[in-house]
Protein chains: 2
Amino acid sequence: MVNMASVPTASGKNGSVTMLDVAHHAGVAIGTVSNVLNRPDGVTPSIRDRVLASIDELGFVRNRAASKLAAGVSNTVGVVLADLANSYFTDMVRGAEQSASKAGKFVVIGNSDIDIAKQRSYLTFFDEEQVSGILVAPLGGVIPPEDGHIARQRPLVILDAARQTHAHCAVSTNNVAAGRIAAEHLLGLGRRRLVFAGGPIARSRALADRLQGAQDAVADVEGATLEHMSTDEVQVHDGRRVGALLAHRDADALPDGIVAAADLLALGIVQALTSSSSYRFPDDIALVACDDNRSAYDSIVPISTVDLPGQKMGSTGMRLLLEELADSAEHEHQHITLDPTLTARESTIGR
Amino acid sequence: MVNMASVPTASGKNGSVTMLDVAHHAGVAIGTVSNVLNRPDGVTPSIRDRVLASIDELGFVRNRAASKLAAGVSNTVGVVLADLANSYFTDMVRGAEQSASKAGKFVVIGNSDIDIAKQRSYLTFFDEEQVSGILVAPLGGVIPPEDGHIARQRPLVILDAARQTHAHCAVSTNNVAAGRIAAEHLLGLGRRRLVFAGGPIARSRALADRLQGAQDAVADVEGATLEHMSTDEVQVHDGRRVGALLAHRDADALPDGIVAAADLLALGIVQALTSSSSYRFPDDIALVACDDNRSAYDSIVPISTVDLPGQKMGSTGMRLLLEELADSAEHEHQHITLDPTLTARESTIGR
DNA sequence: CTGAAAGCGCTTACAG
DNA sequence: CTGAAAGCGCTTACAG
């Protein structure tokens, strides 16, 4: 603990202790204090310890604004987060933090809250803050053209990118593979009459890709069929509606396998079918979802799901950014596409 | 769009455009550029527009490191977030952002990820970054004594505070009231044989308070009883265990009302009782939970819940911080306790 | 390895 | 309202 009463000097404007105070107290030059903080290995141990003791005794807090101004760089990476409530995005942040902390970088987050104006204001803010780089999962998967100058001035990596780009590094999820993996899992279990639930396809590239993947998988198997039941959104109540529709069908019109485009949708389907019919998962119908939200695990029937690689996406994006920072001359932008993976649970393989 | 080819000057170290470049381009003094950016109202409109045009044309990006160093302050508030995956905390951030944006402040987030060392490193980081203030929901509800010097140097407000303190402003949830409100709701519906599910009480002040509140409410009603069924944690599987225990009881030993200490716990109770018994919600058993996670709404039987005021806590905390910043001389620290509110759903009032 | 000095890009009294 | 100048607290060649 710092004993404030014993602090001898505080030359800073706001009564704050400066490096100069520390230097005087330790009997060294100010540059030495800076070296102790930034390149401690190159300082004689006895002097280093003396400086460290003075820092402690005076309660010195470095001024990062001054550091950044003098050095022109910072060891901070800014992450623009699209939605605090969506675990796909918060997983990305977690992954990014993991990679960053290994490299001794700080990660600070700005929440754009699914608002393109806020997204821009945080991009600008981080730019003005002189961060060393930016990670962003932009709304719509693409940086708006008006914000392009930010990406040109400062290393920036796009997460969950919707398009190929040569302006910066990017990481994407292979949603076609997600749909294919889900359908192939059902087909591998012998299911042939499949339903793909989710929509609207026209408004979401990710959903359209998942449907495409499922169609591809079904096309590869003789006698297999895929019906698309579209929904307004992919929330629980949309799933309940799908489940209710299915519950009223004749047994021979019923699918034996369902790919749900999202976990909450799958949750609703399970709820509707278990409460309003005698159909059983997975005996009568096998169900696989996409996303791996916690809800899939917490469902009354734990739901098999295709995990979107949120955390991997964050760590990969941060790795690309760190590479760019380490070697900006030689650096060539890369676009990495990540494959999702299947987690099989009771809704397809029973217990 | 900025046409980079037309940029005439860039005197900054990294080829960046500085205020001086803007001043030259607009034919004014550098101080005038600063005024346009920081106090635009006091600048002659024609000159202001000329400066703004130059800023746009040159693609000038202000350097916040330099601003902070020269001014000694920033318009940024740092929020140390305990857990990105817990909606109680992310709600706080949302509330804080709402209050902050009205006041023109930027909010940046550091994720401590339920790690006391990371919590400290972000507190220190924000301190070093010269933020104008800090909002933190510290682990355990209290700032560790070792980190006390941070709170002494910089305005800081504690969210979800566990204790009264005179060192800074703080906001708390009234967990006793939460328990009381939940129990009173059940008692008001005529239920008399209540169960409080959740634990361990010894390790969580919040849970202990909720139990206390429920006990208080029951003590006020003649003939009402409360049984405490403790759990290891408050996850879905703990709830399933409670539900399984209840399902095996004789009908006359069964409660007619349950207060679940958390939403996931309630979710498990509903799942276990609907699948392994013929008991019905709310006819046989009425159930009310605490937290208002999304899961309560998404349950097969939508669960009544006592909302913890996460968003309100964030906005209130930010308001206290802004007051302290606006008038640090006259400021007196306050501790505000927020009452939770009940959201009644199918699990207690049917449909 | 150490120490004195210039300079990073702003803000802010101060004089006009 | 405008303009010239000092200074914010660091970092970093540079010379020793």
Side-chain angles (χ1 to χ4, degrees), chain A residues 9-51 54-55 58-76 127-130 132 153, chain B residues 9-51 54-55 58-76 127-130 132 153:
Chain A
T9 53
S11 69
K13 197 181 193 177
N14 314 307
S16 60
V17 179
T18 70
M19 272 194 173
L20 198 62
D21 297 327
V22 174
H24 287 159
H25 188 270
V28 299
I30 185 175
T32 305
V33 179
S34 176
N35 285 332
V36 168
L37 251 27
N38 299 310
R39 284 169 298 277
D41 294 340
V43 181
T44 310
S46 64
I47 295 205
R48 189 181 57 207
D49 293 346
R50 192 141 47 89
V51 171
S54 294
I55 285 175
L58 299 183
F60 168 72
V61 175
R62 82 198 300 175
N63 184 326
R64 280 178 188 267
S67 307
K68 283 193 271 193
L69 180 58
V73 294
S74 78
N75 64 341
T76 303
D127 197 16
E128 295 175 348
E129 275 283 349
Q130 317 296 119
S132 58
Q153 303 200 348
Chain B
T9 53
S11 70
K13 198 181 192 179
N14 313 305
S16 60
V17 180
T18 70
M19 272 195 173
L20 199 61
D21 298 326
V22 174
H24 286 158
H25 187 271
V28 300
I30 185 175
T32 305
V33 179
S34 176
N35 285 332
V36 168
L37 253 26
N38 299 311
R39 285 169 298 277
D41 294 339
V43 181
T44 308
S46 63
I47 295 204
R48 189 180 56 206
D49 292 346
R50 191 140 48 89
V51 171
S54 294
I55 287 176
L58 299 183
F60 168 72
V61 175
R62 82 198 300 175
N63 185 325
R64 280 179 188 267
S67 308
K68 283 193 270 192
L69 179 57
V73 294
S74 78
N75 64 341
T76 303
D127 196 17
E128 295 176 347
E129 275 283 347
Q130 317 297 118
S132 57
Q153 304 199 348

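What's counted below: heavy atoms across the whole structure, side chains too, no hydrogens, waters or symmetry copies.
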* To do: Without swapping roles, check the side chain of B/Arg50 against the backbone of B/Ala26 for a donor-acceptor pair under 3.5 Å.
  => yes
* To do: Taking only the side-chain nitrogens and oxygens of A/Asn38, find out if one of them lies under 4.0 Å from OP1 or OP2 of D/dT11.
  => yes
* Checking side-chain contact (heavy atoms from CB on, under 4.5 Å) for the pair A/Ser132/A/Val73: CA distance, chi angles, key distance, verdict? -> CA-CA 6 Å; A/Ser132 58; A/Val73 294; 5.7 Å; no
* Do the side-chain N or O atoms of B/Arg39 get closer than 4.0 angstrom to the phosphate oxygens (OP1, OP2) of C/dT12? -> yes
* To do: Report yes if at least one side-chain N or O of A/Ser67 is closer than 4.0 Å to OP1 or OP2 of D/dT11; otherwise report no.
  => yes
* Structure fact -> Ranking C/dC8, C/dT12, C/dC10 by distance to the side chain of A/Ala70, first place goes to C/dC8
* Asked: Can you tell me if the side-chain N/O atoms of A/Thr44 get under 4.0 Å from OP1 or OP2 in C/dC1?
  -> no
* Structure fact -> Heavy-atom nearest nucleotide on DNA chain C taken for A/Thr32 and for A/Ala66; more 5' hit belongs to A/Thr32
* To do: Check every atom of C/dT11, C/dG3, D/dG9 against the side chain of A/Leu69 and return the nucleotide holding the closest atom.
  => D/dG9
* **Per-nucleotide pairing state of DNA chain C [Watson-Crick or G-U, under 3.5 Å; [ ] pseudoknot-crossing; | other strand]** => |||.||||||||.|||
* Structure fact -> Result for 5'-nearest mapping on DNA chain D, choosing between A/Gly31 and B/Ala29, is B/Ala29
* Could you tell me which non-hydrogen atom of A/Val43 sits nearest to which non-hydrogen atom of A/Asn35, and how far apart they are? => CG2-CB, 3.8 Å
* Asked: At under 4.0 Å, does any side-chain N or O of A/Thr18 touch on OP1 or OP2 of D/dG9?
  -> no
* Is a side-chain N or O of B/Asp21 found less than 3.5 angstrom from the main chain of B/Thr18, in a donor-acceptor match? -> yes
* Side-chain N,O (A/Ser34) to OP1/OP2 (D/dC10) below 4.0 Å -> no
* Asked: Taking the side chain as C-beta and beyond, is there a heavy-atom pair between A/Thr76 and A/Lys68 under 4.5 Å?
  -> no
